[in-house]
Amino acid sequence: MTNTKDARRFWLMKSEPDECSIDDALAAPKSTVPWTGVRNYQARNFMRDEMKIGDGVLFYHSSCPEPGIAGIAEVASATRADPTQFDARSDYFDAKSDPEKPRWLLLDVKALRKTRLLSLAELREDPELADLTVLKRGNRLSITEVNASDWKRILQLLK
DNA sequence: GCCAACGTTGGC
DNA sequence: GCCAACGTTGGC
């Protein structure tokens with residue numbers, strides 16, 4: 001199987017470092033964390049339909065003093081139900097989700113390494129990254145695709 | 001804490 | 001199925 005449909009793809013995943021930073025992910029067993037709390041259908045569908053084990057992930061810190069890319073990770077599992085949707089004490093509880101037909105999914109993300117913080121400001125300054133989805137105005141999606149050339153460029157900036 | 005942008009909800 | 005109101009995200 002070598003057609004382009006099966007090529008490795010790349011993603012940017014936002015995490016609030018207060019909840020799960022790149023350090024937290026690296027400290028987890030097997031450096032792997034369940035990506036809990038996605039409550040947006042578009043992001044869920046990316047996980048369910050598009051993301052494959054081994055896909056590259058930019059681990060992005062959001063809602064924090066220094067937002068930006070903080071590490072490199074990879075997709076480490078297929079999707080399964082996100083258990084927090086059924087936990088009434090969880091911030092991510094969803095009373096409308098039927099356990100027989102879970103509305104929200106998660107997948108495992110394996111942290112590979114921490115990088116220097118490539119800040120949002122620095123990303124914006126790079127003309128080569130002009131089409132990076134996370135830089136687009138009004139973007140709020142917690143999972144966005146990164147094209148291969150932007151991925152390459154970002155790894156270069158992180159060297 | 002502000003607020004722009006965007007997704008979701010629910011009345012009709 | 002429209003769309004106004006409301007809630008959330010997330011940088012600043």
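Below, chains carry the letters A, B, ... as their sequence lines are ordered, and counting in each starts from 1.
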Base, sugar-phosphate, or nothing for A:Arg39, non-hydrogen atoms under 4.0 angstrom?
nothing
Between A:Tyr41 (OH) and C:dT8 (P), how many Å, whole number?
14 Å
Of the options C:dC12, C:dG10, B:dT9, whose atoms approach the side-chain atoms of A:Lys96 most closely?
B:dT9
Ignoring backbone atoms, establish whether A:Tyr60 has a side-chain N or O less than 4.0 Å from OP1 or OP2 of C:dG11.
yes
Show the numbers, then the answer: is there a ring pair (Phe, Tyr, Trp, His ring centres under 6.0 Å) between A:Phe59 and A:Trp35?
CA-CA 11 Å; A:Phe59 197 110; A:Trp35 206 264; 5.5 Å; yes
Tell me whether A:Glu50 at atom CD has more than 12 heavy atoms from other residues, nucleotides or ligands lying less than 6.0 Å away.
yes
Using atom NZ of A:Lys136 as one end and atom P of C:dG10 as the other, report the distance to the nearest whole Å.
17 Å
Take the protein atom CD1 of A:Ile69 and the nucleotide atom P of C:dG11, then report the distance between them rounded to whole Å.
12 Å
Whole-Å distance separating the CG atom of A:Asn139 from the P atom of C:dG10
8 Å
Report yes if at least one side-chain N or O of A:Arg140 is closer than 4.0 Å to OP1 or OP2 of C:dG10; otherwise report no.
no
If only side-chain N and O atoms of A:Lys14 are considered, is one of them under 4.0 Å from the OP1 or OP2 phosphate oxygen of C:dT9?
no
Rounded interatomic separation in angstrom, taking NE2 from A:His61 and P from C:dC12
17 Å
Between B:dC6 (P) and A:Gln42 (CD): distance, integer Å
12 Å
Is the shortest side-chain N to carboxylate O distance from A:Asp94 to A:Lys96 below 4.0 Å?
no
Take atom CD of A:Glu16 and atom C1' of C:dG10, then tell me their distance rounded to the nearest Å.
8 Å
Whole angstrom value for the distance that separates C1' of C:dG11 from CG of A:Leu117
14 Å
Do A:Asp82 and A:Thr84 meet the criterion of a side-chain donor-acceptor pair at a distance under 3.5 Å?
yes
